Amino acid sequence: RSDRDDDEPGGGRQRWVRQGDDAKGLARLVCGAALPDAIRGFPVSLHAKYEANANTALKGVAIAARRCGEDRGIALGCRPKFRSNRNELTFVVDPGGHQSLRGAFVLARSVA
């Protein structure tokens with residue numbers, strides 16, 4: 001898209017979250033980037049417009065963080081940001097501690 005921000009990482013996977021998407025499907029997309037033979041890996045950018053799609057996107061990231069942590073030992077970081085019109089959110093997901101994720105939070109499984 002032409003309204004892509006300059007600080008948005010290039011490469012990786014991108015997906016616009018639609019009304020019919022579910023969190024588990026988005027989690028599979030994110031987890032697929034962690035596979036050793038992935039052609040398009042990290043970062044994964046999930047673009048969401050409207051609150052319901054943003055909620056679905058963040059749930060997908062949380063499910064993916066748990067799966068990647070349990071199955072592959074990878075902690076994921078997520079940087080949510082507003083796009084240029086402040087009506088759309090982008091969630092940039094990358095392995096935790098990655099330098100390109102300024103202002104990110106690391107999703108980790110809580111120990112209770």
Side-chain angles (χ1 to χ4, degrees):
R1 288 180 55 129
S2 61
D3 63 348
R4 180 176 163 168
D5 294 333
D6 290 334
D7 64 342
E8 189 174 309
R13 298 173 181 216
Q14 295 196 23
R15 174 73 182 269
W16 276 94
V17 180
R18 299 180 307 256
Q19 183 178 356
D21 289 338
D22 67 335
K24 290 180 183 179
L26 295 173
R28 282 191 294 276
L29 175 79
V30 174
C31 289
L35 295 174
D37 59 348
I39 294 172
R40 292 190 153 231
F42 290 110
V44 176
S45 297
L46 299 175
H47 307 289
K49 187 173 182 179
Y50 309 119
E51 64 276 358
N53 295 345
N55 188 35
T56 302
L58 192 54
K59 285 179 182 179
V61 171
I63 293 168
R66 182 172 181 171
R67 287 182 183 168
C68 285
E70 289 178 355
D71 298 345
R72 303 201 176 277
I74 299 173
L76 295 181
C78 179
R79 181 175 56 117
K81 65 176 191 156
F82 283 103
R83 293 176 61 85
S84 58
N85 67 3
R86 303 211 38 98
N87 191 28
E88 299 171 359
L89 280 168
T90 295
F91 297 94
V92 180
V93 183
D94 218 350
H98 195 277
Q99 296 295 332
S100 68
L101 292 176
R102 296 184 313 268
F105 56 90
V106 176
L107 298 164
R109 189 172 168 203
S110 62
V111 179

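Everything quoted here is computed from the prediction, not taken from an experiment.
With rounding to the nearest 0.5 Å, the separation of CG in N55 from CG in L89 is 11.0 Å. Atom OG1 of T56 sits about 10.5 Å away from atom CD of E51, to the nearest 0.5 Å. Between R15 atom CZ and T90 atom OG1 the span is 14.0 Å, to the nearest 0.5 Å. To the nearest 0.5 Å, the span separating CG on N53 from CZ on R18 amounts to 10.0 Å. Rounding to the nearest 0.5 Å places SG of C31 at 12.0 Å from CZ of R66. Atoms CZ and CG, on R28 and D22 in that order, are 6.0 Å from each other to the nearest 0.5 Å.
In this structure, R13 has no salt bridge (Lys or Arg N to Asp or Glu O under 4.0 Å) partners at least two apart in sequence or on a different chain. A27 is linked by a side chain to side chain contact (heavy atoms under 4.5 Å, CB included) to I63, A64, R67, counting only residues two or more places apart in sequence or in another chain.
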* To do: Show your reasoning for whether side chain to side chain contact (heavy atoms under 4.5 Å, CB included) applies to L46 and L29.
  => CA-CA 10 Å; L46 299 175; L29 175 79; 3.9 Å; yes

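H47 pairs in a ring pair (Phe, Tyr, Trp, His ring centres under 6.0 Å) with only one of the listed residues (F91, W16, F82), which is W16. For the side-chain contact (heavy atoms from CB on, under 4.5 Å) test with L76, the passing option among D94, V93, V61 is V93; the others fail.
Heavy atoms from other residues, nucleotides or ligands lying under 6.0 Å from CG of L35 number more than 12. Taking a 6.0 Å sphere around CZ of R40, one finds it holds 12 or fewer heavy atoms contributed by other residues, nucleotides or ligands.
Residues G32 and A38 come closest through the heavy atom pair O-CB, 3.4 Å. Closest approach of V17 to A57, counting heavy atoms only: CG2-CB, 3.9 Å. Between A23 and K59, the shortest heavy-atom contact is CB-CB, 3.7 Å.
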